[in-house]
Structure formats: structure tokens, C-alpha cells
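These notes are about the structure you will find just below.
For the numbers below, each heavy atom of this structure counts, side chains included, while hydrogens, waters and symmetry mates do not. Just follow the structure's listing: the first ligand is 1, and inside any ligand the first atom is 1.
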Amino acid sequence: MTPPTMIQTAPVVNYSFAPTEPTQISLKTSASNGEIKFADWDKFQFAPIRESTVSRAMTKRYFADLDKFCESDVVIVGAGSAGLSAAYVLAKNRPDLKIAIIEASVSPGGGCWLGGQLFSAMVLRKPAEQFLENLGIEYEDEGDYVVVKHAALFMSTLLSKVLAFPNIKLFNATAVEDLITRRDETTGELRIAGVVTNWTLVALNHDTQSCMDPNTINCNVVLSTTGHDGPFGAFSAKRLEALGKPRSDITSGFKSETAASNAGSKPSTAGFELGGMRGLDMNKAEDAIVKGTREVVPGLVIAGMELAEVDGSNRMGPTFGAMALSGVKAAEAVLNTIDVRRKQNENCYGGLSLN
Ligand code: AHZ
């Protein structure tokens with residue numbers, strides 16, 4: 001039988017891998033003979049590469065990052081405006097902290113690429129313009145509020161600054177599908193001590209495949225900013241509802257049944273109920289989200305619109321000052337609790353290594 005052949009229809013070009021001087025590219029429009037030329041394109045050639053080199057360049061860094069960040073100081077769940085604002089403030093103040101950001105979508109940024117509906121401009125009520133000034137983003141001052149000409153300018157600037165911090169790693173296309181919990185051996189208090197992750201496409205297919213086990217990241221504080229309810233929204237809040245049964249586990253500091261009965265109190269059997277996001281009221285909503293941003297249960301800070309699901313506060317729609325400033329307050333809450341949570345985690349299970 002004749003072996004199969006592949007027919008080359010295009011003309012054969014002999015490609016030379018001989019070392020050449022890199023093509024000089026200048027983006028100045030210094031026209032010679034009236035002609036614009038940024039480079040000598042006739043002689044242009046990329047430096048050579050083998051395909052496996054590209055694979056190794058990507059995978060060795062990704063797996064080194066997985067290895068490094070599987071013990072993180074802080075995990076931020078959700079890379080929307082609240083999560084990234086918090087990441088920026090945290091990393092700026094504490095270059096010593098290892099901060100992992102887990103984002104379910106391929107594209108980070110959450111709902112912050114447009115101002116509202118399909119409109120570009122982004123409105124922030126004062127005093128959120130101070131955050132813009134810190135980031136170096138221009139705005140128009142309209143009195144009580146300011147306007148950035150495109151929401152994408154805010155998000156791309158914030159994102160680029162966050163990604164440039166050496167102590168931050170963004171794992172996108174990765175979903176948090178559960179929380180790691182610890183029951184304190186002395187107080188009986190339950191706390192959050194990490195996250196359970198999976199590729200988002202896997203997380204979305206648990207119902208169509210047999211069990212696909214996840215990966216984990218241990219940390220001292222989880223900051224959840226997964227937005228309001230939706231296919232991937234309000235994740236930690238919804239998980240708390242299940243973890244928090246009976247309700248006393250949440251409200252009285254996650255006391256175990258034994259610890260609670262030792263203390264003479266009976267744990268309630270009522271479930272932890274989410275408040276559920278209320279209708280739109282810009283004036284009430286923005287203050288409520290910023291003021292309410294806190295460590296909701298030990299080891300878990302919740303910020304941004306996810307908090308509206310916990311507290312039953314209003315939505316604010318297309319104004320973004322509360323997302324930025326809730327991020328600032330979340331960073332403060334993380335920094336105020338992290339040392340206590342670290343100590344608790346270090347003492348857990350006889351001081352199992354946290355390296
Ligand atoms: O993909 C989600 C988005 O980028 C991500 N996310 C959600 N669940 C996740 C999970 N694992 C990993 N389980 C997850 N990532 O979280 C991000 C949330 O961003 P967002 O912009 O939706 O939330 P935000 O709180 O930063 O900003 C909300 C802004 C408002 S207000 C509002 C209204 O009032 O109607 N609507 C929006 C979008």
C-alpha cells in the first residue's frame with residue numbers, strides 16, 4: 001500500500017535559523033523621503049524558537065507559582081473592582097505578603113469594563129476620587145461625583161498595577177468551589193483557612209462527569225469579592241449558608257456543639273440565612289457596602305456586592321465608588337486580622353508546617 005503523503009501547495013521557503021542581528025524597531029515617525037518606516041520590514045525576522053520551548057516557558061512558571069502560592073497569606077476570590085482594589089492596597093502596603101487571586105473567568109475585571117448597560121463612562125461618588133488619584137487615573141470633576149471617560153480605563157489601569165506587584169499571582173480561568181475550614185482545638189471556633197479550586201471548565205462540568213477532584217490553597221485570610229448572586233456570584237456567602245448550620249456556628253463565633261454545650265449553651269438549629277440583595281438605592285447601597293465590609297466569620301472577609309447578599313443591603317447599579325472603597329476597607333480588615341489567624345493556623349494540628 002502506498003504510504004500517505006502530504007502535498008505542499010504553497011511555494012517552499014527555506015527558513016534560515018542562522019543568528020541574525022535583531023531588527024531595530026523604532027516607533028518614532030521620523031519619515032525618510034516622506035515615507036514612514038518603523039523598521040526595515042524586508043529584512044525583518046523573529047528570533048528562532050522551538051515549540052516545546054514555549055510550552056516549557058509557560059508550564060514551568062505556572063507550576064512554580066502553584067507550588068509557591070499553595071501556601072498563601074491571603075487568597076482573594078474574584079478579580080472584579082472590589083477584589084482588585086483590595087489587592088492593590090494590600091500589596092502596596094505589605095510587599096511581604098503572598099497574595100493569590102482566583103478568578104473564575106478567563107478575563108479578570110468582573111462587571112467593570114463598562115459603566116452601566118452598554119455605556120462607557122464610569123461614575124464614582126466622592127470621596128472615591130482619592131482612590132483614582134492614587135492610581136493616577138484622570139477624571140472629570142462634576143461636584144459630588146467624578147467621571148472616568150471609560151470604565152475600561154479604570155479597570156485596565158488597576159489591573160496592570162495589581163499584576164505588576166511581585167507578591168501577587170492571578171490564577172484566572174480557575175474557580176473557587178469550596179472553602180477550607182478549621183475547628184480550633186481549644187476554643188471550638190470554626191474558621192476559614194483556605195480555598196478549594198478547580199479549572200472553571202471542570203467546575204462547570206461536575207454534573208456531566210464522574211468525580212473530578214480539586215486542588216487547594218491554604219491561607220490565613222480569604223477575602224471574598226465574588227459579586228452578587230449569579231452562576232458564579234456570591235460564592236462564599238452561599239457556601240457559608242451551608243457551612244453555618246446550625247446558625248449559632250456563625251453568629252456565636254462558629255462554636256462547636258461540644259464547646260457550646262460545655263459552655264452551657266445549646267446551639268440553635270436555625271440555619272445561617274443570607275439577607276439577599278435588595279432593590280436599587282444608590283444612596284443607601286454605597287454607604288452600606290463600605291461600612292459593612294468586614295471579617296464576616298473568622299478568616300473570611302467579604303467585600304463588594306457579595307456583601308449585599310450577606311447583609312440584605314441594596315444594590316447601587318452603575319456607580320463604582322463603593323467597590324473601590326470597599327476594597328480599601330477590606331484590605332484594612334485583612335491586615336487587622338491576619339496575625340491572629342496566622343497564629344491560630346500555626347498552632348493547629350500541633351503546628352503542622354506552614355511553609
Ligand atoms: O467571575 C467573577 C467576577 O470576575 C468572580 N467570581 C465569582 N465567583 C467566583 C468563584 N471563584 C472565582 N467561585 C469567582 N471567581 O468574581 C468577580 C466578581 O466581580 P464583580 O465585578 O461582579 O463584583 P464586585 O463586587 O467587584 O463589583 C460589583 C459591581 C456591581 S454593582 C451592581 C449592581 O448594583 O447591580 N452590579 C455590579 C456588577
Side-chain angles (χ1 to χ4, degrees), residues 75-88 100-119 122-125 128 131 151-152 154-155 158-159 162 170-179 194-204 206 214-217 222-240 276-290 292-293 300-311 313-331:
V75 171
I76 299 177
V77 190
S81 42
L84 290 172
S85 299
Y88 173 74
I101 306 177
I102 312 295
E103 168 51 54
S105 174
V106 173
S107 46
C112 194
W113 293 106
L114 286 165
Q117 198 162 307
L118 297 176
F119 309 129
M122 182 197 214
V123 173
L124 298 98
R125 290 161 64 203
F131 189 65
F154 170 79
M155 181 42 70
L158 177 60
L159 189 56
V162 164
L170 168 69
F171 296 96
N172 42 339
T174 305
V176 168
E177 56 176 41
D178 207 346
L179 300 169
V195 295
V196 177
T197 63
N198 223 324
W199 306 125
T200 302
L201 291 178
V202 173
L204 289 171
H206 284 307
N215 196 14
T216 56
I217 302 180
V222 172
L223 165 57
S224 196
T225 55
T226 65
H228 55 65
D229 201 2
F232 269 105
F235 172 78
S236 303
K238 288 190 280 189
R239 191 68 184 109
L240 273 191
M277 185 180 73
R278 303 297 156 102
L280 193 150
D281 183 335
M282 286 185 186
N283 285 293
K284 280 192 177 168
E286 292 214 276
D287 287 25
I289 292 293
V290 175
T293 297
L300 177 67
V301 174
I302 298 186
M305 278 315 281
E306 183 169 359
L307 198 68
E309 301 289 353
V310 174
D311 290 345
S313 48
N314 297 92
R315 66 190 299 188
M316 74 285 301
T319 54
F320 284 85
M323 294 304 110
L325 298 188
S326 174
V328 174
K329 187 149 182 258

If the condition is side chain to side chain contact (heavy atoms under 4.5 Å, CB included), which residues does A288 pass it with, not counting sequence neighbours? S313

A175 meets the side chain to side chain contact (heavy atoms under 4.5 Å, CB included) criterion, sequence neighbours left out, with A104, T200, A203, F232

Show the numbers, then the answer: is there a side-chain hydrogen bond (donor to acceptor under 3.5 Å, both in side chains) between T174 and T197? CA-CA 7 Å; T174 305; T197 63; over 6 Å; no

Go through the structure and list residues passing salt bridge (Lys or Arg N to Asp or Glu O under 4.0 Å) with K238, not counting sequence neighbours.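 By the salt bridge (Lys or Arg N to Asp or Glu O under 4.0 Å) rule, K238 matches D229.
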
Which residue in the set E309, E306, E103 passes side chain to side chain donor-acceptor pair (under 3.5 Å) when paired with T226?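 When E309, E306, E103 are each tested with T226, the side chain to side chain donor-acceptor pair (under 3.5 Å) holds only for E306.
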
Distances under 3.5 Å, N/O of ligand 1 against N/O of the protein: list each pair and its distance.
| from | atom 1 | to | atom 2 | distance (Å) |
| --- | --- | --- | --- | --- |
| ligand 1 | 1 (O) | E103 | OE2 | 2.6 |
| ligand 1 | 4 (O) | E103 | OE1 | 2.7 |
| ligand 1 | 4 (O) | E103 | OE2 | 3.0 |
| ligand 1 | 8 (N) | F232 | O | 2.1 |
| ligand 1 | 11 (N) | V176 | N | 2.9 |
| ligand 1 | 13 (N) | V176 | O | 3.0 |
| ligand 1 | 15 (N) | A104 | N | 3.0 |
| ligand 1 | 21 (O) | G111 | N | 2.9 |
| ligand 1 | 25 (O) | M305 | N | 2.9 |
| ligand 1 | 26 (O) | S81 | N | 3.2 |
| ligand 1 | 26 (O) | A82 | N | 3.0 |
| ligand 1 | 34 (O) | M316 | N | 3.1 |
| ligand 1 | 34 (O) | G317 | N | 2.7 |
| ligand 1 | 35 (O) | R315 | NE | 2.9 |
| ligand 1 | 35 (O) | R315 | NH2 | 2.4 |
| ligand 1 | 36 (N) | H228 | NE2 | 3.3 |

Should the pair F131 and Y88 be assigned to parallel (<30°), tilted (30 to 60°) or perpendicular (>60°) ring geometry? perpendicular

